[in-house]
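Heads up: the structure comes next, in structure tokens.
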Amino acid sequence: MGMLPPGSDRSLPPDALIRGGHKLDIKVTPAADAHHPLARMMLAFFAGKQRADTLPSRTDLPHRDLLPVLPFIFMLEPTGEDMTDWRFRLVGHGITARLGADPTGLCISEIYEPTQVGRNAVSYSGVATSRAPHITTGSFHGIDREFLTFEIVHLPMLGNDERTIWILGGLFFND
């Protein structure tokens, strides 16, 4: 785990960063390819599913081919047919430990800066409708985590009902 910057308050409860009113402000740039080894592993798993003409499914996880990736995955479910908000259904402990918060059960409208909710919803909807991966690189701002840089992989996946397209994401930190 990375060191917290000087002056960071380690006494905050685990969810204080998000539930305490601090909204996630993530600066990202689209990337053509994944560079992080775990991101590549996740994309290889997805490519194997594509060759079989299917999508990963919630029932596929956990999967032995993804064991090193599992702490860094998250799953997003659309909250309605218009896909303008998405709920975190699962967030791996490798992510929650680095963020100092667990957004599981919360919607993106509850945790992201208001100016980013629509942009992120459009991005997730694009992955769901295109059924194609989306890769970004970036950093956090405004939650005392500016020192963390990362690569994110978003993949389409079948949700619990095996019909609704969810997002299977991987958030991989550059250490």
Side-chain angles (χ1 to χ4, degrees), residues 1-4 14-15 17-18 24 26-78 83 86-108 111-112 120-121 123-140 143 145-175:
M1 184 157 140
M3 297 289 294
L4 289 174
D15 292 339
L17 290 175
I18 293 171
L24 286 178
I26 299 177
K27 307 294 186 210
V28 295
T29 303
D33 296 307
H35 298 285
H36 194 284
L38 296 177
R40 289 181 183 188
M41 183 181 291
M42 191 170 167
L43 287 165
F45 175 77
F46 180 73
K49 290 290 184 181
Q50 282 186 312
R51 281 190 294 280
D53 199 29
T54 187
L55 290 175
S57 170
R58 177 64 184 102
T59 59
D60 288 334
L61 298 168
H63 192 281
R64 68 173 186 258
D65 290 346
L66 292 178
L67 288 178
V69 174
L70 294 179
F72 303 100
I73 67 166
F74 58 92
M75 294 179 191
L76 290 160
E77 171 188 31
M83 291 193 243
W86 294 75
R87 181 176 315 282
F88 284 92
R89 293 297 303 255
L90 177 135
V91 180
H93 73 273
I95 297 171
T96 61
R98 293 309 263 299
L99 287 182
D102 184 354
T104 301
L106 297 176
C107 292
I108 64 171
I111 67 166
Y112 284 112
N120 285 327
S123 178
Y124 304 146
S125 298
V127 171
T129 56
S130 71
R131 296 183 177 220
H134 181 66
I135 305 163
T136 57
T137 60
S139 60
F140 296 105
I143 61 166
R145 299 297 187 270
E146 287 79 6
F147 57 95
L148 296 175
T149 60
F150 53 79
E151 184 169 79
I152 303 176
V153 174
H154 295 105
L155 303 172
M157 71 178 283
L158 295 175
N160 286 338
D161 64 5
E162 295 291 321
R163 290 187 317 272
T164 304
I165 304 295
W166 288 13
I167 300 300
L168 172 60
L171 176 58
F172 306 107
F173 299 96
N174 300 317
D175 290 320

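Quick caveat: nothing in here was measured; it's all calculated off a predicted structure. These values consider heavy atoms only, across backbone and side chains, with no hydrogens, waters or symmetry-generated copies. In what follows, residues are counted from 1 in the order of the sequence shown.
Two residues are said to be in side-chain contact when any heavy atoms from C-beta on lie closer than 4.5 Å; F88 and C107 fail this criterion. No side-chain heavy atom of H93 sits less than 4.5 Å from a side-chain heavy atom of D102. A 4.5 Å side-chain heavy-atom check between L61 and M75 finds at least one atom pair inside the cut-off. The shortest distance between side-chain heavy atoms of L55 and I165 falls below 4.5 Å. By the 4.5 Å heavy-atom criterion applied to side chains, F46 and P156 are counted as neighbours. Contact check for I95 versus R98: no side-chain heavy atoms found under the 4.5 Å cut-off.
Classification of the H154-F74 ring pair by plane angle, with boundaries at 30° and 60°, yields perpendicular.
Side chain of T104 to backbone of L90: no donor-acceptor contact under 3.5 angstrom is found. Looking at R40, its side chain never comes within 3.5 Å of a backbone N or O of L43 through a donor-acceptor pair.
Residue pairs that meet the ring-ring contact (aromatic ring centres under 6.0 Å, His included) test with at least one member in residues 156-175, sequence neighbours left out, are H36-F172.
Under the ring-ring contact (aromatic ring centres under 6.0 Å, His included) criterion, H35 pairs with no residue, sequence neighbours left out. Remark: D65 pairs with no residue by the salt bridge (charged side-chain N to carboxylate O under 4.0 Å, His left out) rule, at least two apart or across chains.
Ionic pairing of E77 and R89 is present here: one or more N-O contacts between side-chain nitrogen and carboxylate oxygen are shorter than 4.0 angstrom. In this structure, K49 pairs ionically with D60, as a charged nitrogen and a carboxylate oxygen lie closer than 4.0 Å.
If you check the side chains of S123 and N120, you find no donor sitting under 3.5 Å from an acceptor.
Counting all heavy atoms, side chain and backbone alike, A39 lies closest to E151 at CB-OE1, 3.2 Å.
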